[in-house]
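All heavy atoms count here, side chains included; hydrogens, waters and symmetry mates do not. Throughout, protein chains are lettered first and strands after them, A, B, ... in sequence-line order, and every chain is numbered starting at 1.
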There are 2 protein chains.
Amino acid sequence: MTRARKHILDILTSSEVPLSAQDIEQRKTIEMNSVTVYRTLHYLEAHEYCDSFPLTCSEHGTERYYSAVHHRTDGTCDHHHWFHCIECHQFIDLGTCRIDELIAGYEKELSVSVVGHSLSLTGVCARCLQTRDHSGNREHQGPPQAEG
Amino acid sequence: MTRARKHILDILTSSEVPLSAQDIEQRKTIEMNSVTVYRTLHYLEAHEYCDSFPLTCSEHGTERYYSAVHHRTDGTCDHHHWFHCIECHQFIDLGTCRIDELIAGYEKELSVSVVGHSLSLTGVCARCLQTRDHSGNREHQGPPQAEG
DNA sequence: CCAGAAAATGCAAGTCATTTGCATTTTCTT
DNA sequence: AAGAAAATGCAAATGACTTGCATTTTCTGG
């Protein structure tokens, strides 16, 4: 692990939400070319340090988001999925993947071997729903507590 | 519905697999600018004539794929998900969405309103698995029957 | 059926995330 | 520490997709 790789992995590990390459560029505290950010993300994903998925939103367009993978004591990966609010553009953690059985079912049904999957939900978060209720359509509020 | 829109919707409706903007350009039989293809796909999706999801594969990179939505007699949409083979790059229909309940659970748990979702599986299809078994790693075969 | 307005389309250029080639620097191996 | 291998920076390219604007088609009221 080089310095750059350690640094980006640290950023991912300490983030509570998935980050795009651009998010990482903003958060990095050491000099690093943006090409290196992309290459590092590829490296981390190939080596199972992180997961990624593509998401399209009105504010950021289509981008790939990365999140650190937590390995369990038995060596398996704790793979998460995410909800993305179409109003405030925050991510909400949906916790550990709950479609393993569904996938196992498809594998059996179709005689395929599933190697990867991508699931993401979009909609309106509790906070934005509340804002709507209380006030018709005001301006969107900022992030819930700080930056995600 | 203009001529262009009807034509693209026809292409989507008669395809058994999701198509990218480029796939559609290849299949169209009337003159149409590629910008129009994109705008038409936006129109069709906004009006619930089709669904889309982004997918990344080694052969085509990251692209958005579109498939016609079938409306049931009760007016609801018959939303499907897809498996994509990382070797032959064919799609396999996973049938009607089976995660509605899971999503309803998340909505309740997190007090969010889910407006959309994207799920896709990647892996090796039955045919490619078989080719592997029978012959070590030969060249990949062509499409199953014709063009998908 | 026709005029005028509204919407759709074509064309050219632009945007933007991401990738690539190649030279230089850093890291690893012996 | 030397040499090879891998990583990084820089500049330019790629490729999906979007935008602005002029022209054409479609729709609506008369």
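Between the C1' atom of C:dC11 and the CG atom of B:Asn33 lies a distance of 7 Å, rounded to the nearest Å. As rounded to whole Å, 12 Å separates atom P of D:dT8 from atom CG of A:Leu41. Separating the CD atom of B:Glu63 from the P atom of C:dT18 is a distance of 15 Å, rounded to the nearest angstrom. Atom CD of B:Gln26 is separated from atom P of D:dA16 by 11 Å (rounded to the nearest Å). Between B:Glu59 atom CD and C:dT19 atom P there is a gap of 16 Å when expressed in whole angstrom units. Residue A:Arg64 contributes atom CZ, which lies 14 Å from atom C1' of D:dA16 at whole-angstrom precision. What separates OH of A:Tyr66 from C1' of C:dA17 is a distance of 10 Å, to the nearest Å. Rounded to an integer number of Å, the gap from A:Arg39 CZ to C:dT24 C1' is 12 Å.
Contact annotation for A:Arg3: no contact, since no heavy-atom pair falls under 4.0 Å across all strands. Within 4.0 Å of B:His60, counting heavy atoms only, lies no atom of the nucleic acid at all.
Regarding contacts with the backbone of C:dT19, every side-chain N or O of A:Tyr38 stays at 4.0 angstrom or more from both OP1 and OP2. Proximity of A:His42 to the phosphate of C:dT19: a side-chain N or O atom is located under 4.0 Å from OP1 or OP2. One finds no side-chain N or O of A:Thr40 lying less than 4.0 angstrom from the OP1 or OP2 phosphate oxygen of D:dA7. Contact annotation: A:Arg5 reaches the phosphate of D:dA7 (side-chain N/O to OP1 or OP2, under 4.0 Å).
Looking at B:His81 and B:His117, their side chains do bring a donor and an acceptor atom within 3.5 Å of each other. Using a 3.5 Å distance cut-off with no hydrogens or angles, the side chains of B:Tyr65 and B:Glu63 do pair a donor with an acceptor.
Along DNA chain C, the nucleotide nearest A:Val35 and the nucleotide nearest A:Gln22 are compared for position; the residue whose nucleotide lies closer to the 5' end is A:Gln22. Heavy-atom nearest nucleotides on DNA chain D were determined for B:Thr62 and for B:Met1, and the one closer to the 5' end corresponds to B:Thr62.
Of the possible donor and acceptor atoms, none in the side chain of B:Glu87 sits under 3.5 Å from a partner among the backbone N and O of B:Val124.
The aromatic rings of B:His89 and B:His84 sit tilted relative to each other, their planes meeting at an angle between 30° and 60°.
Using a 4.0 Å cut-off between a side-chain N of Lys or Arg and a carboxylate O of Asp or Glu, A:Arg98 and B:Glu109 qualify as a salt bridge.
For B:Thr36, the listed nucleotide lying nearest its side chain is C:dT9; candidates were C:dT9, D:dC17, D:dT8.
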